[in-house]
Protein chains: 2
Amino acid sequence: MISQTAEYALRAMVFLAMQKSPAVGHEIAAATKVPPGYLSKLMQQLVKSKLVNSQRGIGGGFVLAKAPVDISILDVVNAVDPIEKITSCPLDIMSHGLNLCPLHKRLSLATAQVEQAFAQSNLSELVEESRSPLCTSVPLESGG
Amino acid sequence: MISQTAEYALRAMVFLAMQKSPAVGHEIAAATKVPPGYLSKLMQQLVKSKLVNSQRGIGGGFVLAKAPVDISILDVVNAVDPIEKITSCPLDIMSHGLNLCPLHKRLSLATAQVEQAFAQSNLSELVEESRSPLCTSVPLESGG
DNA sequence: TGGCAAAAAGACCTTTATGTCCATAATAGC
DNA sequence: GCTATTATGGACATAAAGGTCTTTTTGCCA
């Protein structure tokens, strides 16, 4: 569904959302089980996207650039691995008599739904809900 | 959102859904603009998944194994590039005091929504709707 | 039965994603 | 200014996805 890269970035951002003071790279990497060298790349992207501020030297590290409530899952995903929308058919085979558009309309719609869901969740929610140990066994409520 | 592979497979299946008689590989490849050699691999997977029947020799080719109405987008996607569901956190870092579960709950939910959308569309719909030239300019209705 | 047309199978290559490593630059404390 | 600490940047390595090519197998039909 999302790339490994996006997954890593989200973990790091959730971790940062739980921190008061700056967290250094290796600390984030250890806590989130992300390869340290790779995380460093991702952090750079998050900094460039203005989601995170960085500070070098002793006492430095990374902090969120905004309040957790103002950072959505979509913000994070788009920072490291943008969701690409289908705006037109990838082929011009319409003109060949083959009609793929209904297909791509559905794919677009599915993408839009995911985007919307990601846009509606913010880091604050993710941290707030973290009280109960949902992780191990809850099978996820798929319905409505 | 979906892989290139899944996209190719869907194109091929839509094409087959529009055919009466068996279509040979290079014909499908040409019509759907899928690399011929690669398509051949995908067709094999679709055959193994019982979505398509194949016939060698003169007059042979590929045909759908069921009525288009009985084949969903999800069937096709899963045949070539299964959507992987998150059933538990990818880490055991819950026990470390870092709570990622709300995050993965949301990712799971998004995946489930996509699956549901894909499960609800069948090839018949895609072919039926193909009358009007939707492809070029419709920006997709993202809302509800 | 021979020959041709087609799928099946698999070896191989290319590109992209993921991951590692090291040198460099900036910052704080001394 | 010196040193420790930290992020930054880029080169490099590995893994996975995507794509090409050749050979083998199968079925049809003359």
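A note on names: the letters A, B, ... follow the listed sequences, proteins ahead of strands, and every chain is numbered from 1. For clarity, every value in this text was computed on a predicted model and none was experimentally measured.
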Could you tell me whether the side chain of A:L10 reaches within less than 4.5 Å of the side chain of A:E7, counting heavy atoms only? no

What is the distance from NZ of A:K41 to C1' of D:dG9, rounded to the nearest Å? 8 Å

Nearest-Å distance for atom pair CG/P, residues A:L42 and D:dA7: 14 Å

Evaluate side chain to side chain donor-acceptor pair (under 3.5 Å) for B:T5 paired with B:D81, printing each intermediate quantity in order. CA-CA 7 Å; B:T5 296; B:D81 192 14; 5.7 Å; no

Candidate nucleotides C:dT18, C:dG19, D:dT5, ranked by approach to the side chain of A:P35 - the nearest: C:dG19

Separation of B:F62 atom CZ from C:dA8 atom C1', in whole Å? 9 Å

The residue, A:P36 or B:Q44, whose nearest nucleotide of DNA chain C is more 5′ is B:Q44

Is A:F62 close to A:V47 at the side-chain level, that is, under 4.5 Å between some pair of heavy atoms? yes

Can you check the B:I2 CD1 to D:dA17 C1' distance for me, whole Å? 15 Å

Please state whether the phosphate of D:dC28, meaning OP1 or OP2, lies under 4.0 angstrom from any side-chain nitrogen or oxygen of B:Q55. yes

Under a 4.5 Å cut-off applied to non-hydrogen side-chain atoms, are A:D75 and A:D70 in contact? no

Do B:V80 and B:Y8 have side-chain heavy atoms sitting under 4.5 Å apart? no

If you assign each of A:G60 and B:L39 to its closest nucleotide in DNA chain D, which residue comes earlier from the 5' end? A:G60

When rounded to whole Å, the CD to C1' distance for the pair A:Q4 and D:dT14 reads 15 Å

Mind checking A:G25 for me? I need base, sugar-phosphate or nothing, with any heavy atom below 4.0 Å counting as a touch. sugar-phosphate

Among the nucleotides C:dG10, C:dA8, C:dG19, whichever has the atom closest to the side chain of B:R56 is C:dA8

Between OH of A:Y38 and C1' of D:dT8 the distance, given in whole Å, is 17 Å

For A:V24 and B:A6, find the nucleotide of DNA chain D closest to each by heavy atoms; which residue's nucleotide sits nearer the 5' end? A:V24

Please give, in whole Å, the distance from D:dG19 P to B:E7 CD? 11 Å

What is the distance, to the nearest angstrom, from the NZ atom on A:K48 to the P atom on D:dA7? 15 Å

Any B:S40 side-chain N or O less than 4.0 Å from OP1/OP2 of C:dA7: no

